[in-house]
Amino acid sequence: MRKEIRRGWDETHFGKMGSYYINRTFFFDVHPPLGKMLIGLAGHLSGYDGTFLFQKPGDEYEHHSYLGMRGFCAFLGALLIPFAYLTVLELSQSLPAALLTAALLTFDTGCLTLSQYILLDPILMFFIMAAMLSMVKYNSCANRPFSAPWWLWLSLTGVNLAGALGVKFVGLFIILQVGWNTVSDLWHLFGDLSLSMITHMSGIRQIMPHMPSTLHWLGLQVTVGKHLTARILCLIVLPLALYTATYAVHFMVLNKSGPGDGFFSSAFQARLSGNNLHNASIPEHLAYGSVITVKSARMAVGYLHSHRHLYPEGIGARQQQVTTYLHKDYNNLWIIKKHNTNSDPLDPSLPVEFVRHGDVIRLEHKETSRNLHSHYHEAPLTRKHYQVTGYGINGTGDSNDFWRIEVVNRKFGNRIKVLRSRIRLIHLVTGCVLGSSGKVLPKWGWEQLEVTCTPYLKETLNSIWNVEDHINPKLPNISLDVLQPSFPEIMLEAHMVMIRGNNGLKPKGNEFTSKPWHWPINYQGLRFSGINDTDFRVYLLGNPVVWWLNLLSIALYLLSGSIFAVALQRGARLPAEVEGLSQVLLQGGGQLLLGWMMHYFPFFLMGRILYFHHYFPAMLFSSMLTGLLWDILLRLCAWSLASFSLAGHVHTLGILSLLLGIAYSFYLFHPLAYGMVGPLAQDPRSPMAGLRWLESWDF
Amino acid sequence: MLGFLQRPVVVTADINLNVVALTAVGLLSRLWQLAYPRAVVFDEVYYGQYISFYMKRIFFFDGSGPPFGHMLLALGGYLGGFDGNFLWNRIGAEYSTNVPVWSLRLLPALAGALSVPMAYQIVWELGFSHCAAVGAALLILIENALITQSRLMLLESALIFFNLLAVLSYLKFSNSQKHGPFSPSWWFWLVLTGVACACAVGIKYVGVFTYLLVLGVAAVHAWHLIGDQTLSNVRVLCHLLARAVALLVIPVLVYLLFFYVHLLLLCRSGPHDQIMSSAFQASLEGGLARITQGQPLEVAYGSQVTLKNAFGQPVPCWLHSHQSTYPVIYENGRGSSHQQQVTCYPFKDVNNWWIVKDPGRHQLVVNNPPRPVRHGDIVQLVHGMTTRLLNTHDVAAPLSPHSQEVSCYIDYNVSMPAQNLWRLDIVNRESDTDVWKTILSEVRFVHVNTSAILKLSGAPLPDWGFRQLEVVGEQLSRGYHGSTVWSVEEHRYGRSQEQKERELELHSPTQTDVSRNLSFMARFSELQWRLLTVRSDDSEHKYSSTPLDWVMLDTSIAYWLHPRTSAQIHLLGNIVIWASASLATLVYALLFIWYLFRRRRRVCDLPEDCWLRWALAGALCAGGWAVNYVPFFMMEKTLFLYHYLPALTFQILLLPVVLEHISDHLCRSQLQRSLFGALVVAWFASACHVSNTLRPLTYGDRSLSPSELKALRWKDSWDILIRKY
């Protein structure tokens with residue numbers, strides 16, 4: 001860890017966010033805040049001052065003390081191994097199985113690489129495993145409900161669930177798993193008639209043998225109700241409270257304006273010191289002659305924007321581009337004018353005239369003096385929508401520059417309030433509505449977002465805007481402190497913006513992307529740092545022996561599991577020893593298999609860009625399953641060979657050879673994680689020569 | 001021997017007059033004035049073009065689904081003697097006389113009509129009374145949206161028909177399981193289940209959800225069968241095998257059969273050829289086949305070839321070069337090598353020709369005998385018209401600065417050496433000594449000096465590159481990707497020694513004589529893969545809606561408006577049926593949970609057989625609704641009201657089931673039962689009334705006055721068209 005002084009890959013990302021916490025500047029990220037907050041905290045405690053500019057992968061850290069942050073992640077990553085060990089031990093009650101699991105994870109180069117850096121994944125995996133462990137523990141306390149350990153494990157499960165969800169939304173999968181476990185648990189309790197017969201109820205039954213059945217039904221539920229309440233408290237209320245608390249801390253710490261402002265609504269920004277809406281005092285009602293910025297009501301779309309660049313040839317009319325832009329900029333400023341006069345409304349001799357709902361207006365771009373314009377040309381990206389351009393010279397254009405301004409859900413004649421009124425701009429000639437499609441324009445549009453005029457008059461957030469900045473020297477400024485949104489509103493907005501951000505992470509054009517089916521077969525790794533021969537290279541790739549063993553084990557598990565299930569369903573009588581093993585296999589293994597599926601299959605449905613490291617939580621479950629399965633299989637082997645003299649050793653020998661094989665493969669592949677220098681693997685002189693077992697591995 | 005003469009010949013027919021009557025009214029409602037309106041109605045404009053393609057046997061590609069539905073519609077056209085000559089371009093256009101409207105609309109209408117008696121039989125087979133069964137059928141009969149949808153050249157009614165058929169035949173099968181397993185009728189219904197499922201999937205992919213539902217129910221039943229210890233192991237195995245064959249193997253075979261017939265019918269090249277690979281195109285008559293027919297198969301040193309990129313995104317294109325060079329300085333200030341541009345060009349052009357050259361020799365003609373190029377050989381690619389060599393070097397590409405620029409080398413004497421050796425890497429080789437084959441081989445070009453791979457980045461170049469697509473050398477290649485794979489499309493052996501001659505040769509069409517056939521499975525898998533991966537850009541539509549709008553009918557679609565009067569066809573459901581069906585689903589869910597919890601506490605409100613019937617009805621009807629509805633929330637395509645109709649049909653089947661249950665089990669006295677019966681009759685009368693009121697919009701046969709139309713606009717969100725005079 002010490003040797004590797006450059007930053008790898010995503011460290012640019014999360015390290016930077018740690019710095020933001022330390023500097024208390026507001027930023028935006030698609031993941032919930034807990035993980036980055038912990039990184040920031042670790043950095044802060046270890047003396048990192050947040051001044052290092054995480055700019056591009058491969059920069060040297062120089063004198064900055066980054067070890068605290070790395071050490072923190074590495075520590076959590078290391079804890080995964082004992083957690084997995086304990087979980088399997090609890091599920092199988094077999095030491096060899098637990099040891100095998102621990103070895104699989106210790107000697108996996110992928111887990112090792114991933115926990116060496118400042119990333120969210122070790123933190124996420126820590127919480128997932130901790131939640132799994134506490135769930136298994138409280139399951140095993142089921143015979144002593146409401147005892148101290150029972151409460152402890154139950155509430156720890158809740159805490160860890162909150163942690164997992166607070167680091168990445170992927171934490172949702174472990175919540176689903178725990179939820180499923182809890183529901184089936186409760187269903188079991190609910191069907192247990194003996195349990196619910198509490199004494200005084202049976203007394204009543206004796207007095208009133210003909211009690212109405214509903215009351216009888218309700219009366220029996222008291223104990224079950226107690227179980228239900230305990231679980232609601234620990235698994236729903238507690239995690240929610242903690243999760244909310246992380247956001248509270250997040251918003252409290254980040255109270256300075258920063259790079260994330262533009263993603264959020266006007267009201268949200270008013271909270272941030274340094275933002276121009278913070279304690280702002282601006283004129284309240286929109287008047288002719290005001291200079292304004294117009295913001296889309298749809299989140300993470302930004303401000304109506306134009307600039308001195310034309311639409312390229314072949315894309316509508318060759319007029320000035322109009323886009324939306326997320327950052328604050330002079331080109332976001334527009335002047336609101338009457339449609340029919342070009343007289344300067346700021347002339348002090350004229351009275352102030354307010355803009356009202358239903359007025360026909362013209363919006364002039366302040367920097368270029370062109371009018372917001374639309375016409376019957378197709379929009380650049382969205383079919384059947386019209387193009388929006390900047391048109392005219394010095395504010396003189398044509399009738400296609402006229403827009404009717406409407407306030408949504410207001411009566412006619414109302415004034416338009418800055419920040420509050422939700423307005424629509426309807427193009428007078430074509431009858432279409434100004435909207436943002438949210439699609440990213442190609443290079444010629446500087447990758448800003450498309451603005452169109454949509455002929456479909458549906459009420460969607462796309463076509464609703466609000467006025468944010470408002471400058472008018474003729475009007476009195478009033479303080480807008482009242483705007484402060486409440487905490488639930490902030491939470492909701494932050495989530496909406498994150499979800500939109502996540503959906504926006506789509507693979508572009510002809511990029512190579514990782515597909516979920518690549519992952520379990522260890523098809524392709526991820527280059528962490530270094531490309532050329534001379535570089536110090538780290539490559540994220542699972543230990544192929546471990547991963548392929550895991551893959552094989554899943555198939556074997558499905559096979560052996562279904563054999564046992566069918567045998568039991570057919571009513572076969574199994575010997576007591578096999579019976580016990582089959583219980584462990586079906587129940588313990590079933591939970592692990594469920595965990596693997598929960599953390600793997602949903603990725604097939606995701607539209608966002610995916611990376612290899614998304615598989616690692618699933619890989620933990622699959623390793624635990626491998627440990628459990630091989631132990632049982634070897635025991636079954638030993639049992640069926642019981643007549644031979646050496647049968648007793650089959651199990652020991654099997655486990656030992658698996659352990660040795662895994663350790664040896666780690667010896668072979670360890671340079672992937674600890675870094676390698678020298679020629680690439682196809683070169684026979686390389687330290688990794690002969691180990692490129694798949695063509696697709698590019699180390 | 002002549003025994004049959006001694007006894008009278010007796011035919012015992014067991015005719016359920018209910019079924020006959022329901023079929024009759026179903027046919028009446030769906031077939032009445034079927035050829036009206038004689039104009040293109042809504043999506044007929046979309047499916048019609050495919051019918052025409054079938055009639056003319058021209059290959060087409062429709063990313064919306066598998067071909068069985070289109071083929072059914074085309075069958076109607078075939079029966080009516082349609083020649084395919086009609087321009088499907090505008091909704092509302094009058095049909096010309098050669099279009100057999102009636103027979104084109106006949107099959108969907110029949111499917112819609114037969115759904116009525118099938119609804120009756122399903123409810124009956126679920127174990128409910130005849131009264132409930134007739135109720136279900138009548139509700140289907142008077143549901144306006146179902147009538148509208150099945151009277152036009154659209155696919156939903158056929159989809160609903162096969163969904164219902166799958167459920168019905170599964171029920172018949174599982175009911176005959178008790179008394180006659182492995183009897184002919186048992187086999188018949190079992191196989192029919194599989195076939196019907198395949199047909200539903202073959203019409204639209206959403207049919208797969210009903211298939212999965214039926215499979216799920218069959219799996220639960222099979223699991224019980226495994227637990228039945230009165231059966232011997234062998235017998236259980238036979239049962240399981242029979243089910244696996246009928247419900248897994250047969251549907252796959254039937255599905256393949258659709259594609260087989262589809263590809264058999266569509267044998268001519270057409271407007272959508274470009275989407276498919278060269279090999280596929282070459283298997284069609286005309287089009288590319290005309291060019292490639294008889295090309296030499298093996299690429300040899302001296303071959304003249306065009307190289308098509310395998311990815312086809314954003315457009316299919318060929319490796320191209322031309323006289324222009326890269327600008328010395330790009331707009332953003334970066335520099336280039338100023339050598340000749342190499343691009344990917346989406347049109348056929350003489351500049352797409354390249355000559356495969358042996359680096360060791362100077363000649364550009366094919367030896368006699370030709371020396372074939374093999375996997376792993378080092379080659380140079382000479383641009384035919386300019387005789388410059390394909391080259392890449394450590395200069396950033398114009399639009400993808402992380403990749404290398406690819407150029408045709410011009411020696412400026414500026415210490416930038418030519419690096420024009422490429423190693424041929426055949427991706428789909430069978431052995432390492434495979435020969436590079438025209439059309440069939442997918443090859444990558446690996447640069448010898450830098451190990452970069454020739455790749456289409458897909459970015460359109462600015463004006464200086466004539467908006468052609470950028471080609472780069474990708475150094476960090478990550479496994480297989482279509483954009484790095486090229487195939488030879490046109491090919492001939494070069495014969496001209498001199499450049500002048502060669503230019504003439506390049507301009508001349510390719511000649512020669514071999515034909516090439518692609519196996520059905522190869523064609524099927526390519527077509528299926530394209531169907532599944534094609535990305536349709538979701539365009540907004542005036543009448544598109546979201547799944548939430550459907551449950552309470554908050555949306556409608558105007559299908560057709562008479563050119564002069566305000567007679568119109570509008571997809572609008574019977575609001576009474578929609579609302580009560582949704583309510584029934586809710587009631588069912590609540591009752592089911594209530595019973596389930598009480599059973600868990602060993603309180604059995606229902607006798608065991610009654611509970612099983614109730615649960616099965618819910619699994620199939622409420623389950624059928626859920627599986628046909630919920631997935632739409634996750635779909636990203638443009639959605640319309642008619643996507644809800646399969647779900648609605650299942651919901652309607654549940655309605656009489658719930659009503660009968662309430663009357664039988666929740667009404668405690670005879671009085672309550674009579675009262676409830678009266679309520680049901682009143683409710684049904686109101687549904688009939690609503691259906692009748694909306695009839696002009698369903699059939700479009702009567703022009704309503706504006707005030708009448710306004711009066712029909714019960715919800716603000718219904719877009720009923722009102723003419724302004």
Side-chain angles (χ1 to χ4, degrees), chain A residues 187-193 196 213-214 216-217 220-221 224 312-314 381-385 437 439 442-444 452 454-458 460 462 503 508-515 518 523-527 531-532 565-572 605 607 680 682 694-698, chain B residues 222-229 231 233 236 240 309 311 313-314 331-332 399-400 402 425 451 455-460 462-463 467 469-470 472 474-484 537-546 555 594 596-603 605 634 636 717:
Chain A
W187 187 243
H188 190 74
L189 289 174
F190 189 70
D192 188 351
L193 293 180
S196 331
S213 67
T214 21
H216 156 99
W217 192 80
L220 284 178
Q221 299 317 305
V224 175
E313 213 162 318
L381 300 178
T382 312
R383 283 173 56 208
K384 296 186 188 166
H385 286 202
S437 68
K439 295 178 188 165
K443 272 226 163 72
W444 56 256
T452 65
T454 151
Y456 308 112
L457 303 178
K458 282 206 190 112
T460 62
N462 288 351
N503 290 341
K508 279 182 213 150
N510 296 0
E511 264 175 33
F512 294 108
T513 49
S514 184
K515 303 269 177 351
H518 291 169
Y523 179 74
Q524 200 163 48
L526 200 66
R527 204 180 271 114
I531 295 172
N532 295 325
V566 169
L568 289 176
Q569 176 79 0
R570 288 294 297 160
L605 299 176
L680 298 173
Q682 57 262 41
L694 284 186
E695 281 238 334
S696 48
W697 298 346
D698 36 9
Chain B
W223 187 246
H224 290 317
L225 206 67
I226 292 176
D228 182 356
Q229 282 156 35
L231 297 172
N233 285 343
V236 167
L240 293 183
N309 190 276
F311 194 42
Q313 303 277 348
E331 284 163 358
N332 57 8
L399 300 179
S400 317
H402 296 297
D425 179 26
S451 68
K455 176 192 166 183
L456 167 70
S457 82
D463 286 336
R467 312 208 163 276
L469 304 177
E470 186 197 37
V472 300
E474 167 90 2
Q475 227 178 357
L476 314 173
S477 106
R478 313 188 124 261
Y480 176 88
H481 191 270
S483 63
T484 60
D537 41 343
D538 53 322
S539 57
E540 239 174 307
H541 192 282
K542 191 173 172 202
Y543 292 107
S544 66
S545 49
T546 60
T555 169
W594 170 254
L596 194 69
F597 273 63
R598 296 198 18 116
R599 281 174 64 81
R600 188 77 191 156
R601 302 298 306 180
R602 311 284 188 279
V603 186
D605 309 88
M634 279 173 268
E636 284 179 3
S717 47

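Naming convention: chains lettered A, B, ... in sequence-line order (proteins, then strands); numbering from 1 in each chain.
Partners of Trp223(B) according to the ring-ring contact (aromatic ring centres under 6.0 Å, His included) rule, which considers only residues two or more places apart in sequence or in another chain, do not exist here. Contacts of Arg600(B) classified as side chain to side chain donor-acceptor pair (under 3.5 Å), with partners at least two apart in sequence or in another chain: none.
Counting only heavy atoms from C-beta outward, the side chains of Ile226(B) and Leu240(B) approach each other to under 4.5 Å.
For the 3.5 Å distance criterion, the side chains of Thr484(B) and Glu474(B) fail to qualify, holding no donor opposite an acceptor.
For Leu596(B), the parts sitting under 4.5 Å from any heavy atom of chain A are the backbone and the side chain alike. Heavy-atom distances place both the backbone and the side chain of Trp187(A) under 4.5 Å from chain B. If you measure heavy-atom distances from Asn233(B) to chain A, the contacts under 4.5 Å come from both the backbone and the side chain.
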